[in-house]
Amino acid sequence: MPIIACRSEDKARPVVDAIRAETGNASVEAMTLDLLSLKSVDAFASAFLARGLPLHGLILNAGIMATPFTLSADGIESQFATNHVAHFHLTQRLLDRIVESAPSRIVVVSAKLHSSAPKPEGIRFDKINDQATYKPFAACEYHVLCELSRRLEKRGIKNVYVNSLHPDEDQGASTSLYLATDPAVEQKDYRGLYFDPIAKLVEPDSKIATDAALAKKLWEFTEKLVQEKLGK
């Protein structure tokens, strides 16, 4: 059952109708999710889990870029909140179900912006909400992908395949669909890897992107941030 997470079900309804008509799959539906609100992420995850459905694939493809400096409902810079924090929390909330449903996949849509990260630190954790140093282009999704893949491996979980990609401008969903559905992902044991359009396995073009220590620090920083914002 494909579920489209969206901020507005009214706006999503024509898209759902079009997909149903083109594919003949009447089970496609939309559920409300606002990535600028961690409470909305919690509500979405709780509503999905309550239905008892398996989760064989999670595609984290929502994102904003080159936006003016603003804060989310939780007081987090909006780009970092949408592209990273909300996806992180959503994945954490749904991870047990993903593992239970294995073989399953998590697809993280990133971007070729790692080389523009501040050097040498990669991420300025103390300046996430600093408007004076705000950069309208940022990408840290690949760090979380790598750390999640490592943590799953440490738990002995071998049949959850977590990969990331840079989307194509003309066929933006092609590589995402490949990583979410193609049998080759399991056959070739793709995990913790990065892909260019269309479905080309490549190395990230920045050493910062593959910094394991930075990925671990980002994971722990985000985990603490979410706990603080949700009062847990």
Side-chain angles (χ1 to χ4, degrees), residues 1-9 12-13 15-35 37-63 84-110 141 144-165 167 172-193 195 199 219 222-223 226 230 232:
M1 174 185 291
I3 294 176
I4 301 173
C6 54
R7 284 188 298 173
S8 168
E9 287 194 50
R13 192 169 295 114
V15 177
V16 170
D17 290 342
I19 294 173
R20 287 176 175 175
E22 186 170 334
T23 65
N25 187 347
S27 67
V28 179
E29 64 176 90
M31 290 178 63
T32 301
L33 171 61
D34 183 356
L35 294 176
S37 165
L38 289 172
K39 288 184 178 179
S40 177
V41 174
D42 264 345
F44 172 89
S46 295
F48 175 82
L49 293 172
R51 298 173 65 174
L53 297 170
L55 184 52
H56 296 291
L58 176 64
I59 301 178
L60 303 170
N61 73 322
H84 169 64
V85 179
H87 281 166
F88 175 90
H89 186 46
L90 179 63
T91 303
Q92 292 296 90
R93 285 294 315 274
L94 298 178
L95 189 57
D96 286 347
R97 182 63 53 84
I98 292 170
V99 172
E100 292 168 4
S101 306
S104 49
R105 308 182 188 189
I106 300 174
V107 179
V108 183
V109 179
S110 185
E141 298 88 349
V144 175
L145 147 82
C146 293
E147 183 64 16
L148 175 57
S149 188
R150 280 190 286 267
R151 288 175 181 246
L152 289 171
E153 188 171 352
K154 285 182 179 179
R155 290 170 56 185
I157 298 170
K158 302 289 187 180
N159 52 358
V160 175
Y161 302 86
V162 188
N163 292 290
S164 184
L165 67 117
S174 297
T175 305
S176 295
L177 291 173
Y178 169 79
L179 292 175
T181 64
D182 199 290
V185 172
E186 295 176 27
Q187 293 167 359
K188 297 182 179 181
D189 197 31
Y190 287 150
R191 62 183 73 242
L193 300 175
F195 291 78
W219 182 286
T222 310
E223 205 168 39
V226 170
L230 293 177
K232 297 182 179 180

Are the side chain of Ser149 and the backbone of Leu145 linked by a donor-acceptor contact shorter than 3.5 Å? no

Please list all pairs passing the salt bridge (Lys or Arg N to Asp or Glu O under 4.0 Å) test where one or both residues lie in residues 16-26, with sequence neighbours left out. none

For the side chain of Thr175 and the backbone of Ala199, is there at least one donor-acceptor N/O pair under 3.5 Å apart? yes

Residue pair Leu152 / Arg191, side-chain heavy-atom distance below 4.5 Å: no

Go through it in stages, so that I can follow the logic: the residues are Arg105 and Thr181, the test is side-chain hydrogen bond (donor to acceptor under 3.5 Å, both in side chains), and I'd like the CA-CA distance, side-chain angles, deciding distance and then a yes or no. CA-CA 8 Å; Arg105 308 182 188 189; Thr181 64; 5.7 Å; no

Identify the two heavy atoms, one from Pro103 and one from Glu186, that lie closest to each other, and give their separation to 0.1 Å. CB-OE2, 3.7 Å

Between Asn61 and Ser176, is there a donor-acceptor pair closer than 3.5 Å when you use the side chain of the first and the backbone of the second? no

Roughly how far apart are Asn163 CG and Cys146 SG, rounded to 0.5 Å? 9.5 Å

Residues which pass salt bridge (charged side-chain N to carboxylate O under 4.0 Å, His left out) with Glu9, listed by chain and number, not counting sequence neighbours: none

Leu55 and Arg97: which non-hydrogen atoms are nearest, and at how many Å? CB-CG, 4.0 Å

Does any part of the side chain of Leu165, heavy atoms only, come nearer than 4.5 Å to the side chain of Val109, both counted from C-beta? yes

Exercise: identify the closest heavy-atom pair between Ala5 and Phe44: CB-CE1, 3.9 Å

Test item: Ser101 side-chain N/O and His56 main-chain N/O as donor-acceptor pair under 3.5 Å: no

